[in-house]
Amino acid sequence: MKEVGKMKWTVKNFAELTADELYEILRLRVDVFVVEQECPYPEIDGHDRAALHLSGWEGDTIAAYARIIKPGEVHEDPAIGRVIVRKSHRGKGIARELVERAKEVAAERYGDIPVHLSAQLHLKEFYASCGFRPVSEPYDEDGIPHVDMRLVVSCGK
């Protein structure tokens, strides 16, 4: 676990997550992606067991989360997904730190290969500023416009 300020960052595979950690992760994902965004969809999609789970914690509160899915599970490349910052923690630069850490985890685990990300269209410029480039036309996913993006340069370059 790495601590930056009050934020503690962890990277765990599914089996390493405690029941409490998994509960808080899933609760945050549902609170934002289903409730806040008013998008009823199957949040628990069967990919969590094959993913690495990157979490930023302030004490017992999960402030940020992303999962990194291994190549071949969903896409040919590793994929960063479920990128989320708790509403009370937004606007503090945590999202950028989260994405940069997710890129580092993907590079450390899978090497210097492209990384896929399915971005909500309104966040396309944010992800572009993190090094991702659009590789698809916008499309609808569960009623929300998305665009596929790809990171082709490692975070160390």
Side-chain angles (χ1 to χ4, degrees), residues 4 7 9-14 17 22 24-57 62-157:
V4 175
M7 187 82 65
W9 292 93
T10 64
V11 177
K12 296 184 177 186
N13 66 37
F14 188 80
L17 293 170
L22 180 59
E24 291 303 323
I25 288 166
L26 295 175
R27 187 168 93 172
L28 177 62
R29 286 174 21 184
V30 169
D31 284 351
V32 174
F33 295 132
V34 178
V35 178
E36 182 182 325
Q37 295 182 354
E38 298 178 0
C39 183
Y41 78 107
E43 169 48 36
I44 300 172
D45 61 3
H47 299 297
D48 288 313
R49 285 186 177 93
L52 295 173
H53 302 271
L54 171 62
S55 305
W57 299 82
I62 184 170
Y65 169 84
R67 70 179 181 186
I68 299 93
I69 299 178
K70 68 182 180 181
E73 179 73 17
V74 177
H75 300 280
E76 175 183 325
D77 304 316
I80 296 172
R82 299 298 198 264
V83 177
I84 188 169
V85 175
R86 180 179 295 282
K87 193 172 190 173
S88 60
H89 289 72
R90 294 178 195 159
K92 301 176 182 180
I94 295 171
R96 184 167 306 281
E97 182 176 1
L98 174 63
V99 172
E100 292 303 320
R101 286 177 181 271
K103 289 165 39 179
E104 289 172 7
V105 170
E108 288 168 6
R109 178 59 65 102
Y110 304 113
D112 190 17
I113 61 176
V115 176
H116 180 271
L117 188 139
S118 178
Q120 291 186 6
L121 189 58
H122 75 278
L123 294 171
K124 181 174 105 174
E125 296 307 317
F126 167 73
Y127 288 116
S129 75
C130 294
F132 289 87
R133 299 294 172 252
V135 294
S136 76
E137 292 298 317
Y139 59 91
D140 181 273
E141 185 173 314
D142 300 312
I144 297 174
H146 281 71
V147 63
D148 287 333
M149 301 186 80
R150 201 167 192 211
L151 177 71
V152 293
V153 179
S154 74
C155 54
K157 294 185 179 177

- Query: Is any side-chain N of the basic residue among Arg29 and Asp48 closer than 4.0 Å to the acidic one's carboxylate O?
  - Reply: yes

- Message: Strictly below 4.0 Å, N to O, side chains only: are Arg101 and Glu97 in salt-bridge contact?
- Response: yes

Heavy-atom check, side chain of [X] versus side chain of [Y], under 4.5 Å:
X	Y	value
Asp77	Pro71	no
Ile80	Val99	no
Tyr65	Leu54	no
Cys130	Arg96	yes
Lys103	Val115	no
Leu151	Pro114	no
Phe132	Lys124	no
Gln120	Pro145	no

- Query: For Arg90, does the CZ atom have more than 12 heavy-atom neighbours from other residues, nucleotides or ligands under 6.0 Å away?
  - Reply: yes

- Query: Can you tell me if Lys87 uses its side chain to pair, donor with acceptor, with the backbone of Glu36 under 3.5 Å?
  - Reply: no

- Side-chain donor or acceptor of His146 paired with backbone N/O of Ile144 under 3.5 Å: yes

Say you draw a straight line from [atom1] of [X] to [atom2] of [Y]; how long is it, rounded to the nearest 0.5 Å?
X	Y	atom1	atom2	value
Leu26	Phe33	CG	CZ	11.5 Å
Asp31	Glu43	CG	CD	10.5 Å
Ser55	Ile62	OG	CD1	4.0 Å
Leu52	Phe14	CG	CZ	13.0 Å
Arg150	His116	CZ	NE2	8.5 Å
Ile25	Arg67	CD1	CZ	11.0 Å

Heavy-atom closest pair, residues [X] and [Y]:
X	Y	result
Met149	Ala128	CE-N, 3.9 Å
Pro78	Tyr110	CB-CD1, 3.7 Å
Val147	Ser136	CG2-O, 3.2 Å
Glu73	Gly46	OE2-O, 4.4 Å
Ile68	Ala102	CG1-O, 4.0 Å

- Task: Show your working on salt bridge (charged side-chain N to carboxylate O under 4.0 Å, His left out) between Arg82 and Asp45 and close with a plain yes or no.
- Result: CA-CA 11 Å; Arg82 299 298 198 264; Asp45 61 3; 3.1 Å; yes

- Task: Can you spot which of Thr10, Leu17, Val11 makes a side chain to side chain contact (heavy atoms under 4.5 Å, CB included) with His53?
- Result: Leu17

